[in-house]
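Here is the structure we will look at.
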Amino acid sequence: MRTFEPMERGGGGRWFAVADPATGETCGEAPDLRPDELDEVIGRAHRAWSGWRADQAARTHALLGAADAVEGAGDELARLLTREQGKPLAESYAEVARTAARLRYFAELSPRTRRISDGRPVRSEVRWRPVGPVAAIVPWNFPLQLAAAKFAPALAAGNTMVLKPSPYTPLATRLLGSVLAAALPEDVLTVVTGREPLGARLASHPGIRHVTFTGSVPTGRAVAEGAAASLARVTLELGGNDAAVLLDDVDVEAVADRLFWAAFRNCGQVCMAVKRVYAPARLHAELVEALAQRAKSVTVGSGLDPDTRIGPVNNAPQLARVAELTERALADGARAAAGGHRLDGPGQFFAPTVLTDVPPGSAVVTEEQFGPVLPVLPYRSLDEAVDAANGTGFGLGGSVWGTDTDRAEAVADRLECGTAWINHHAELSLAQPFAGTKDSGLGVAGGPWGLYGNLRPFVVHRPEEP
């Protein structure tokens with residue numbers, strides 16, 4: 001693995017500053033590549049592909065070594081990740097561990113040849129081949145974990161990859177490139193950094209055969225349009241507006257902690273976080289109070305402070321969006337049971353916010369806020385709650401909370417989403433598929449599905465031997 005740089009700083013190279021969201025101060029710099037420099041990078045990825053795809057045993061060995069290397073550099077990776085992303089250090093350590101775990105999981109996976117019999121004297125076998133160089137464009141909320149979710153299956157399948165992190169969080173990914181350089185052959189995985197239109201050019205480059213992207217719906221559509229020019233396949237994970245539906249038999253105090261952290265982990269900057277809660281009218285006030293107490297008492301601050309549980313919003317545009325959605329909701333008649341405002345001082349901090357009396361059509365309900373703001377809405381009938389939960393263009397995840405788990409599962413089965421949880425939320429196994437419906441995405445990641453998504457079928461026919 002390598003990181004591509006236009007030239008050293010002293011030689012006049014183009015670099016851009018990266019800000020620490022907890023202080024606003026510069027915490028590092030990254031190269032700002034021009035789109036035309038991708039030709040060289042992708043050419044190298046093509047040349048490396050022939051050797052990498054040829055030997056599955058060597059790939060397995062290299063990927064297991066890569067996992068060891070990540071674990072060995074865990075402290076350095078986690079601290080740098082917290083500085084540029086803002087999340088508490090404990091969450092950064094968890095992200096590094098998940099990165100290594102993905103490498104290990106996919107290192108042990110391999111596609112299976114399947115024989116097809118249709119009664120004719122012909123032996124037909126379906127084999128699998130890698131597609132070629134893959135482009136991955138990764139957002140700023142989980143830069144390492146989401147990068148590994150893309151490069152681990154792609155490399156295990158025998159592809160090479162060019163990986164572009166968000167310009168808000170390029171530093172830890174560049175460090176990851178350095179860490180893995182000793183484990184992976186040169187040009188098998190290359191990290192490129194830069195501001196737009198670098199990502200647009202990467203997605204539309206004719207040398208790329210598969211584009212995998214995580215981010216917003218508008219950008220995802222643009223990525224798909226760019227990839228269509230060369231008929232490259234796409235995998236798109238485009239966010240969510242996950243609803244949690246509480247049933248009338250729920251024990252509010254028993255689920256309040258789990259529900260709170262399902263919404264506020266990583267400062268709410270999680271695609272499959274709980275972003276709306278629907279509670280029975282008779283339990284609504286109790287639930288609002290339980291969540292508000294937690295929001296008021298949780299420690300907010302720099303992720304490097306061991307007492308911090310919620311860090312800053314990662315970047316200024318996202319902070320402005322969170323503030324705008326909250327202000328619009330309050331102007332529409334909502335009430336902040338907790339928070340509802342920016343915090344004073346340096347850094348991009350927003351008080352953990354629980355909203356009540358929210359009009360159902362408020363943008364904070366109908367759109368993805370992607371920040372530490374949670375609207376809690378009452379419902380009169382369960383059908384009303386399910387209809388409201390499904391009444392969105394997104395369909396990533398959802399959850400149902402109650403004492404009778406069979407009943408909760410029956411309700412979960414009515415949710416229009418890719419994954420539904422009972423009495424918890426956003427917990428994923430490496431072995432399960434991850435996909436959304438509607439505007440939440442296209443294609444499947446995770447588990448064997450993620451491996452096969454990076455392969456194409458190849459069929460061989462031969463006569464049966466007499």
Side-chain angles (χ1 to χ4, degrees), residues 98 102 106 131 134-154 157 159 161 163-166 199-200 202-204 208-228 231-244 262 266 268-276 318 366-370 389-399 412 415-421 425-456:
R98 192 77 165 179
R102 285 189 189 278
F106 283 104
V131 298
V134 177
I137 302 174
V138 180
W140 44 261
N141 58 330
F142 290 94
L144 299 186
Q145 184 172 318
L146 290 176
K150 298 179 186 306
F151 68 65
N159 303 297
M161 175 173 279
L163 168 65
K164 179 192 173 297
S166 165
L202 179 59
S204 62
I208 293 296
R209 303 312 312 145
H210 178 197
V211 183
T212 172
F213 168 82
T214 300
S216 70
V217 173
T219 305
R221 290 194 173 111
V223 165
E225 290 175 5
L231 297 180
R233 68 171 68 174
V234 293
T235 302
L236 307 174
E237 194 276 281
L238 305 180
N241 190 7
D242 290 14
N266 198 29
Q269 299 165 132
V270 183
C271 59
M272 52 185 174
V274 169
K275 298 187 174 77
R276 303 170 286 152
Q318 187 58 32
T366 61
E367 300 178 18
E368 182 182 29
Q369 65 272 44
F370 215 68
N390 291 335
T392 174
F394 292 101
L396 192 58
S399 55
L415 298 181
E416 297 172 358
C417 56
T419 306
W421 294 271
H425 196 102
E427 295 182 22
L428 295 174
S429 161
L430 295 176
Q432 75 182 68
F434 179 62
T437 63
K438 300 187 279 190
D439 284 349
S440 282
L442 183 67
V444 183
W449 298 267
L451 180 73
Y452 282 98
N454 285 279
L455 295 161
R456 60 178 178 85

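Quick note: numbers below take in every heavy atom, side chains included, and nothing from hydrogens, waters or symmetry partners.
- Shown here are the side-chain hydrogen bond (donor to acceptor under 3.5 Å, both in side chains) partners of T214, two or more places apart in sequence or in another chain: K150.
- N159 and H210 form no side-chain donor-acceptor contact under 3.5 Å, judged by distance and modelled atom types alone.
- Counting heavy atoms from C-beta on, the side chains of L238 and S216 never come closer than 4.5 Å.
- Within the 4.5 Å cutoff, side-chain heavy atoms of M272 are placed close to those of L428.
- Using a distance-only test at 3.5 Å, with no hydrogens or angles considered, no donor-acceptor pair links the side chain of T219 to the main chain of G215.
- The shortest side-chain heavy-atom distance between V134 and V211 does not fall under the 4.5 Å cut-off.
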inquiry  = Using side chain to side chain contact (heavy atoms under 4.5 Å, CB included), reason through L202 and I137 one step at a time and then give a plain yes or no.
reply    = CA-CA 9 Å; L202 179 59; I137 302 174; 4.2 Å; yes
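- A donor-acceptor contact shorter than 3.5 Å links the side chain of R276 to the backbone of A389.
- Note: E427 CD to T419 OG1 = 12.0 Å, rounded to the nearest 0.5 Å.
- Every residue two or more places apart in sequence or in another chain that forms a ring-ring contact (aromatic ring centres under 6.0 Å, His included) with F370 is listed here: W140.
- When every heavy atom of L146 is checked against every heavy atom of V138, the shortest pair comes out as CB-CG1, 3.8 Å.
- Here the side chain of E237 pairs a donor or acceptor atom with the backbone of G239 at under 3.5 angstrom.
- Atom CZ of F106 sits about 8.5 Å away from atom CG of N454, to the nearest 0.5 Å.
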key: side chain to side chain contact (heavy atoms under 4.5 Å, CB included) between T366 and T392, intermediate numbers included   = CA-CA 6 Å; T366 61; T392 174; over 6 Å; no
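- Closest non-hydrogen pair, A224 versus V234, comes out as CA-CG1, 4.3 Å.
- Rounded to the nearest 0.5 Å, atoms OG1 (T212) and CZ (R233) are 11.5 Å apart.
- For Q318 (side chain) and Q369 (main-chain N/O), a donor-acceptor pair under 3.5 Å exists by modelled atom type.
- For E368 (side chain) and N241 (main-chain N/O), no donor-acceptor pair under 3.5 Å exists by modelled atom type.
- Between the side chain of Q145 and the backbone N or O of F142, no donor-acceptor pair lies under 3.5 Å.
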query = Can you list the steps and then say if V131 with L455 is a side chain to side chain contact (heavy atoms under 4.5 Å, CB included)?
reply = CA-CA 6 Å; V131 298; L455 295 161; 5.7 Å; no
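- Judged by distance alone, the side chain of D439 and the main-chain N or O of F394 form no donor-acceptor pair under 3.5 Å.
- Taking every heavy atom of both residues into account, S440 and G395 meet most closely at OG-N, 2.8 Å.
- Residues F151 and L163 are in side-chain contact: their nearest non-hydrogen atoms beyond the backbone lie under 4.5 Å apart.
- In terms of heavy-atom proximity, A262 sits nearest to H425 at CB-CB, 3.8 Å.
- Using modelled atom types, no side-chain atom of K438 and backbone atom of C417 make a donor-acceptor pair closer than 3.5 Å.
- Closest approach of R102 and A152 over heavy atoms only: O-CB, 3.8 Å.
- The shortest non-hydrogen separation linking T437 to G418 is CG2-N, 4.3 Å.
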